[in-house]
Amino acid sequence: MNELLRRLALRWPIFQAPMAGVSTPELAAAVSNAGGLGALGLGAATPDAARQQVAATRALTSGPLHLNFFCHEAAVRDSSAESAWIELFDADFQSHGASAPAALKEVYPSFPASGKSLELIEATRPEVVSFHFGLPAAAVVSAIRALGCLTLVSVTSVAEAHAAMAAGIDGLIAQGIEAGGHRGIFDAAGADEELTTVDLVRALLAITELPIIAAGGIMDGSDLRGMLDLGAAAVQLGTAFVLCPEAGSNADYRTRLRAATGDDTTLTSAISGRRARGIRNRLVEVAERSPEVAVPAYPVAYDLAKQLNSAALAKGATGYGAYWAGTGVARARELPAAAMIAALVHEAGMEGSA
């Protein structure tokens with residue numbers, strides 16, 4: 001058992017990805033109860049909703065809990081670009097009996113801009129706190145560590161890893177290009193090296209002794225074993241848990257996931273304003289037909305996507321959801337979370353190692 005597992009009292013080196021909107025208290029608790037690390041993605045939650053989710057999870061498990069927060073820069077607003085984006089989808093709103101919004105909102109606060117998130121951490125003392133899209137100030141990282149929380153951050157490159165180490169982070173989530181959902185790249189306008197999970201893990205192991213959690217394209221025990229043999233301390237799986245009955249994914253999302261292959265996924269900013277991997281949808285198709293129309297900044301573009309998806313679903317239509325999924329989506333299984341953990345452990349040949 002490695003030091004990371006000992007510190008967190010984990011039986012297995014398996015982290016459930018903290019997928020905002022998909023992770024639920026039931027899913028997080030089931031994973032932790034099965035010996036892995038359950039997580040809640042709180043970047044999209046209000047302070048009250050976040051507290052309720054943490055309380056609900058704690059009521060279901062005495063195991064460790066991982067809370068994740070978004071750490072993006074404030075959106076640079078451009079009213080002309082936002083108006084053009086709204087106009088581009090006006091016909092889609094009308095086709096579902098709805099009116100396009102007059103304006104868009106910045107729907108998700110960033111951790112540095114919200115003192116409430118730090119208050120939540122202080123009040124609930126989760127075993128793990130992680131960040132996506134970047135980092136808060138080093139002093140904030142230090143304050144969280146002083147509470148006894150292990151701190152992690154998603155990185156996509158060696159440069160981001162160096163920034164994380166300089167801030168005093170305890171461990172690195174190595175997000176390979178295969179991963180579903182938003183790229184964790186710190187600078188949304190910067191170049192993305194698009195390293196595979198294997199290449200990124202290797203690169204990080206060469207520069208640090210911090211624990212590396214491999215994330216991206218990991219769907220079964222063979223993938224798990226391969227990452228551990230490479231030197232990762234643990235793995236983090238997202239797409240593999242989306243079809244679990246405990247997950248918060250709706251029926252539309254589940255239907256799309258069941259039918260998808262890796263070739264159906266694409267990296268796009270058309271849904272939220274930041275590059276993310278998911279199954280192609282109507283927003284992607286419309287945006288690709290009109291490349292001259294700029295996508296508004298994250299998370300402003302997400303406001304339109306969410307409103308349009310809600311309008312479509314209200315009329316029984318589909319195809320507008322954020323169907324985040326990694327390249328391994330064709331291997332997704334419909335298993336309860338505990339059975340998923342058991343299958344991963346068995347396939348990796350780890351039953352006798354706990």
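Counting from 1, the numbers follow the sequence of the chain as shown.
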Applied to residues 174-187, the salt bridge (Lys or Arg N to Asp or Glu O under 4.0 Å) test, sequence neighbours excluded, yields R183-D192
Ignoring hydrogens and geometry, is there a side-chain-to-backbone donor-acceptor pair from T197 to A214 under 3.5 Å? no
Is the shortest side-chain N to carboxylate O distance from K105 to E82 below 4.0 Å? no
Sorted by chain and number, sequence neighbours left out, side chain to side chain contact (heavy atoms under 4.5 Å, CB included) with A343 holds for R333, L335, E347
Just by distance, with hydrogens left out, do T265 and R277 show a side-chain donor and acceptor under 3.5 Å apart? yes
Tell me whether M340 shares a hydrophobic cluster with L60, the cluster being built from Ile, Leu, Val, Met, Phe, Trp, Tyr side chains joined at under 4.5 Å. no
If you measure only the distance, is there a donor-acceptor pair under 3.5 Å linking the side chains of R58 and T124? no
For Y108, the ring-ring contact (aromatic ring centres under 6.0 Å, His included) test, sequence neighbours excluded, returns F70, Y302
ILVMFWY cluster, I271 and L267 together (side-chain gap under 4.5 Å): no
If I take atom CZ from residue R51 and atom OG1 from residue T46, how far apart are they, to the nearest 0.5 angstrom? 11.0 Å
Taking N68 for the side chain and G41 for the main chain, is one N or O donor matched with an acceptor at less than 3.5 Å? no
Return yes when atom CD of E292 has more than 12 non-hydrogen atoms of other residues, nucleotides or ligands closer than 6.0 Å, and no otherwise. yes
List for me each residue that meets ring-ring contact (aromatic ring centres under 6.0 Å, His included) alongside Y320, sequence neighbours excluded, and say none if there are none. H96
Could you check I213 against L172 for side chain to side chain contact (heavy atoms under 4.5 Å, CB included), going step by step and ending with a plain yes or no? CA-CA 6 Å; I213 297 92; L172 305 172; over 6 Å; no
S154: partners by side-chain hydrogen bond (donor to acceptor under 3.5 Å, both in side chains), with sequence neighbours left out: H132
Between the side chain of S272 and the main-chain N/O of R274, is any donor-acceptor distance below 3.5 Å? yes
For P64 and L10, work out which heavy atoms get closest and say how close. CG-CD2, 3.4 Å
To the closest 0.5 Å, what do you measure between CD1 (I212) and CG (L230)? 10.5 Å
Sequence neighbours excluded, the answer for side-chain hydrogen bond (donor to acceptor under 3.5 Å, both in side chains) partners of Q52 is none
Among the clusters formed by ILVMFWY side chains lying less than 4.5 Å apart, do M219 and I14 turn up in the same one? no
Give, for atom CG of L88 and atom CZ of R289, the distance between the pair rounded to the nearest 0.5 Å. 8.5 Å
Using a 4.5 Å cut-off on heavy atoms from C-beta on, say whether the side chain of N281 contacts that of T268. no
Would a 4.5 Å heavy-atom cut-off, applied to side chains only, mark L8 and L150 as touching? yes
Without swapping roles, check the side chain of R11 against the backbone of G35 for a donor-acceptor pair under 3.5 Å. no
Identify the two heavy atoms, one from A338 and one from A34, that lie closest to each other, and give their separation to 0.1 Å. CA-CB, 4.0 Å
With heavy-atom distances below 4.5 Å as the criterion, would you say the side chains of L27 and V31 are in contact? yes
Is E106 reaching over with its side chain to a backbone N or O of A75, donor-acceptor style, under 3.5 angstrom? yes
Heavy atoms, side chains only, cut-off 4.5 Å: are F69 and L120 in contact? yes
Hey, what do you get for OG (S83) to CG (L104), rounding to the nearest 0.5 Å? 8.0 Å
Show every ring pair (Phe, Tyr, Trp, His ring centres under 6.0 Å) that has at least one partner inside residues 245-298, sequence neighbours left out. H72-Y298, F133-Y298, H182-Y298
Under the side chain to side chain donor-acceptor pair (under 3.5 Å) criterion, do T318 and R256 qualify, and how do the steps go? CA-CA 9 Å; T318 67; R256 296 278 167 163; 2.9 Å; yes
Excluding sequence neighbours, so at least two apart, what forms side-chain hydrogen bond (donor to acceptor under 3.5 Å, both in side chains) with T196? D199
I173 side chain reached by V153 side chain, heavy atoms, under 4.5 Å: no
Could you list all the salt bridge (Lys or Arg N to Asp or Glu O under 4.0 Å) pairs where at least one residue sits in residues 162-172, not counting sequence neighbours? R145-D170
If only atom types and distance count, is the side chain of N33 paired as donor or acceptor with the main-chain N or O of A29 below 3.5 Å? yes
Can you tell me how far CG of L308 sits from CD1 of I86, rounded to the nearest 0.5 angstrom? 11.5 Å
Could you list all the salt bridge (Lys or Arg N to Asp or Glu O under 4.0 Å) pairs where at least one residue sits in residues 85-98, not counting sequence neighbours? D92-R282
Going by atom types alone, do E351 and H346 pair a side-chain donor with an acceptor below 3.5 Å? yes
Any side-chain to backbone donor/acceptor pair from D303 onto V300? Under 3.5 Å, distance only. no
Sorted by chain and number, sequence neighbours left out, side chain to side chain contact (heavy atoms under 4.5 Å, CB included) with R258 holds for L243, R254, T255, E334
So which atom in V141 and which in P136 form the shortest heavy-atom distance, rounded to 0.1 Å? CG2-CG, 4.0 Å
In terms of side-chain heavy atoms, does D264 have a donor or acceptor partner in Y323 at a distance below 3.5 Å? no
According to a 4.5 Å side-chain heavy-atom criterion applied to Ile, Leu, Val, Met, Phe, Trp and Tyr, with indirect links allowed, do I185 and M19 form part of one hydrophobic cluster? no
Treat each ILVMFWY residue as a node, draw an edge where side-chain heavy atoms are under 4.5 Å apart, and state whether V242 and L344 are in one component. yes
Side-chain (T24) to main-chain (E246) donor-acceptor, under 3.5 angstrom: yes
Donor-acceptor pairs are to be reported for all side-chain atoms of residues 160-168 against protein atoms at under 3.5 Å, with residues two or more places apart or in another chain.
| unit_1 | atom_1 | unit_2 | atom_2 | d |
| --- | --- | --- | --- | --- |
| E160 | OE1 | T156 | N | 2.6 |
| E160 | OE1 | T156 | OG1 | 2.9 |
| E160 | OE2 | T156 | OG1 | 3.3 |
| E160 | OE2 | F186 | N | 2.8 |

Check whether any side-chain N or O of S310 sits under 3.5 Å from a backbone N or O of K306 as a donor-acceptor pair, and report yes or no. yes
Say whether, by atom type as modelled, one donor and one acceptor occur between the side chain of T61 and the main chain of G63 under 3.5 angstrom. yes
Hey, could you give me the CD1/CZ distance between I169 and F131, rounded to the nearest 0.5 Å? 6.0 Å
